[in-house]
Amino acid sequence: MAWPEGDVTRVPYAVYTDPDIFQREMERIFAGDGWAYVGLEVEIPASGDYLVTRIGDRSVVITRGEDGAIHGFANRCAHRGVTVCRQRQGNSRFFVCPYHQWSYDARGKLRGVPFINGVKKQGGMPDDFSREDHNLPALSIATRGGVIFASFVEDAPDLADYLGETNRAYFDRIFDGRELVVLGYSRQLIPGNWKLMFENIKDPYHASLLHVFLVTFGLFRADQKSQVRMDQTGRHGLLISRRGAQKASSATEDISNLKEDFTLADPRLLDPVKEFPDDATVVMQTVWPNLIVQQQSNTLALRQIQPRDAGSFELHWTFFGYADDDEAMVQRRLRQANLMSSAGLVSADDSEVIKLAQDGVAQYREDAGVMLLGGRDTEDQEHMVTESAIRAFYAHYREVMGL
Amino acid sequence: MTISVEERFELEDLYSRYATVLDDGPLESWPELFAEECLYLVIPRDNYDQGLPLAIMRCESRGMLSDRVHAVQETIMHEPRYLRHQITNIQSSAAADGDLAVSAHYSVIEVLHDELPKILSVGRYLDLVGRGAGGSLHFKEKRVIYDSVLVPNTIVYPL
């Protein structure tokens with residue numbers, strides 16, 4: 001595939017549809033030298049706790065060892081490739097493959113092989129068989145503020161450097177050391193390419209047009225004081241904005257279906273309170289290659305992107321709060337969650353439109369999309385009328401992918 | 001304590017009406033099947049089993065149900081679709097204050113215009129049914145606990 005003229009102001013539809021490009025993404029981006037989000041420390045608090053998740057399309061197990069440290073390994077038996085652990089979460093000292101019962105410890109080290117010395121002096125493994133040669137591939141692990149990241153490479157960069165200064169500051173704003181509490185999960189299978197999800201979060205243009213509910217209630221508007229921020233590579237991004245009033249303005253006159261007269265029968269649905277030191281009410285952070293950290297009013301959530309194939313991805317939502325939330329704040333977070341995930345009053349727009357985008361690009365796969373809003377640059381901006389964060393994402397993408 | 005044959009038929013009617021207003025409309029009538037003070041939750045089964053409170057739809061009054069209806073009709077961008085609720089295995093037992101604790105199985109088939117029908121959601125209802133001022137049965141609480149935790153894209157209409 002040749003990238004079209006115009007650099008990152010054009011994105012060829014083939015990147016959303018070509019299975020060879022998808023394979024290369026899994027190898028270079030998800031199994032490459034970045035840090036992928038895999039879970040929260042609070043999900044595996046005790047020794048022996050584990051969770052199963054995916055980095056890209058590869059299943060991995062994240063464990064808390066007897067030493068209290070977090071470990072990770074590939075979830076496929078060294079023997080015949082069988083998925084070893086089928087439970088999503090649990091507690092176990094050993095992981096036993098269901099097929100021939102090879103067993104592994106919390107670090108993925110092979111501990112037991114049935115019939116290794118044969119039965120009645122017959123069969124068994126050759127004399128030169130060594131268990132140490134058949135450990136499960138270990139992941140590198142790093143944590144920050146209770147969030148666990150993993151990498152398939154041994155010499156992954158320092159996580160703080162990887163996030164970069166600005167993104168690190170906003171990451172630490174949410175994960176500020178307070179104990180986290182998981183409020184629950186929600187999962188979707190979205191029939192679109194995984195990058196469409198990242199583009200969506202890096203795209204403030206759509207939020208002020210597509211999301212009639214957000215705009216109607218002033219939660220996100222093109223005329224609000226806003227910033228678009230990136231790290232030096234352009235791979236991570238931040239949209240930062242502030243709530244406004246429910247009223248028409250020059251920023252809403254292009255919205256044909258703005259519902260100015262929509263008032264809530266039960267206003268408890270939207271009863272946001274300020275909870276962070278700054279005045280930002282919306283911070284959408286994208287962390288390459290698989291994480292979205294969102295604050296929308298008092299809804300805090302991690303969205304983990306798990307690509308399945310070129311045309312679909314799973315989106316795993318983890319909604320959370322803090323251990324020191326009072327009851328009213330817990331209720332507020334749970335009510336505002338109505339806006340998010342598969343039945344979200346706002347994010348349903350996104351999953352629906354991503355499906356339509358995939359439908360279109362899959363049919364016209366020789367063509368390319370246009371990313372010209374706000375110019376051709378890939379720089380930080382002080383407004384929302386720009387696609388610079390998407391351009392920056394693709395500048396980095398092209399470099400990693402060699403496209 | 002068993003319930004009367006008449007009450008059993010009334011209960012059947014309530015669930016039939018519930019399916020009909022969601023599948024054939026009018027959607028505005030859906031909140032009328034609930035008490036003014038009510039609770040409607042759509043909960044992924046893994047959250048329910050772990051005791052995690054997050055619901056993907058949470059309505060804590062008839063007003064919030066109406067707000068959800070209004071959003072479906074006015075603000076959520078979605079492809080047109082047909083839904084069919086199948087509600088079976090309705091079982092009830094007496095609860096406090098003359099109410100009925102009811103459980104039922106459900107599945108919802110979704111038809112998009114350019115796709116074959118698919119199961120959008122499958123699970124169970126755990127409900128508390130009482131009598132309104134007019135004497136007819138309505139939902140005081142409805143918990144929709146869905147086994148199909150990986151949702152095929154979007155749930156636009158209530159389950």
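In the text below, chain A, chain B and the rest are named by the order of the sequence lines, each starting its count at 1.
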Do the side chains of A/Val182 and B/Gln50 get nearer than 4.5 Å, heavy atoms only? no
For chain A, which of [options] has the most heavy-atom pairs under 4.5 Å?
options: B/Ile155, B/Asp114, B/Leu159, B/Leu150; answer: B/Leu150
options: B/Leu52, B/Val156, B/Leu65; answer: B/Leu52
options: B/Ile43, B/Val42, B/Asn47, B/Asp67; answer: B/Asp67

Looking at chain B, which one of [options] has the largest number of heavy-atom pairs inside 4.5 Å, strictly under?
options: A/Leu315, A/Asp350, A/Leu214, A/Leu264; result: A/Leu264
options: A/Gly192, A/Pro267, A/Pro191, A/Ser186; result: A/Pro191
options: A/Ile190, A/Leu345, A/Val330; result: A/Leu345
options: A/Asp266, A/Leu339, A/Val346; result: A/Asp266

Nearest 0.5 Å, what's the [atom1]-[atom2] distance between [X] and [Y]?
X: A/Asn338; Y: B/Met64; atom1: CG; atom2: CE; result: 7.5 Å
X: B/Glu60; Y: A/Gln331; atom1: CD; atom2: CD; result: 5.5 Å
X: B/Ile76; Y: A/Leu210; atom1: CD1; atom2: CG; result: 11.0 Å
X: A/Thr216; Y: B/His70; atom1: OG1; atom2: NE2; result: 9.0 Å
X: A/Ser342; Y: B/Ile56; atom1: OG; atom2: CD1; result: 3.5 Å
X: B/Asp46; Y: A/Tyr185; atom1: CG; atom2: OH; result: 8.5 Å

Considering all heavy atoms of both residues, which atom of A/Ala343 and which atom of B/Arg68 are nearest to each other, and what is their separation? O-NH1, 2.6 Å
Taking every non-hydrogen atom, the tightest pair across A/Ala265 and B/Gly63: CB-O, 3.5 Å
For [X], is it the side chain, the backbone, both or neither that has a heavy atom under 4.5 Å from a heavy atom of chain A?
X: B/Pro44; value: side chain
X: B/Leu41; value: neither
X: B/Arg81; value: side chain

[X], part contacting chain B, at a heavy-atom distance under 4.5 Å:
X: A/Val353; result: both
X: A/Phe319; result: side chain
X: A/Arg333; result: neither
X: A/Leu356; result: side chain

What do you reckon, is [atom1] of [X] surrounded by more than 12 foreign heavy atoms closer than 6.0 Å?
X: A/Gln87; atom1: CD; result: no
X: B/Gln73; atom1: CD; result: yes
X: A/Arg86; atom1: CZ; result: no
X: A/Tyr205; atom1: OH; result: no
X: B/Asn89; atom1: CG; result: yes

Checking side-chain contact (heavy atoms from CB on, under 4.5 Å) against B/Val149, which of A/Arg187, A/Gln188, A/Arg88 comes through? A/Arg187
Please check this pair: side chain of B/Asn153 against backbone of A/Ser351, looking for a donor-acceptor N/O pair closer than 3.5 Å. yes
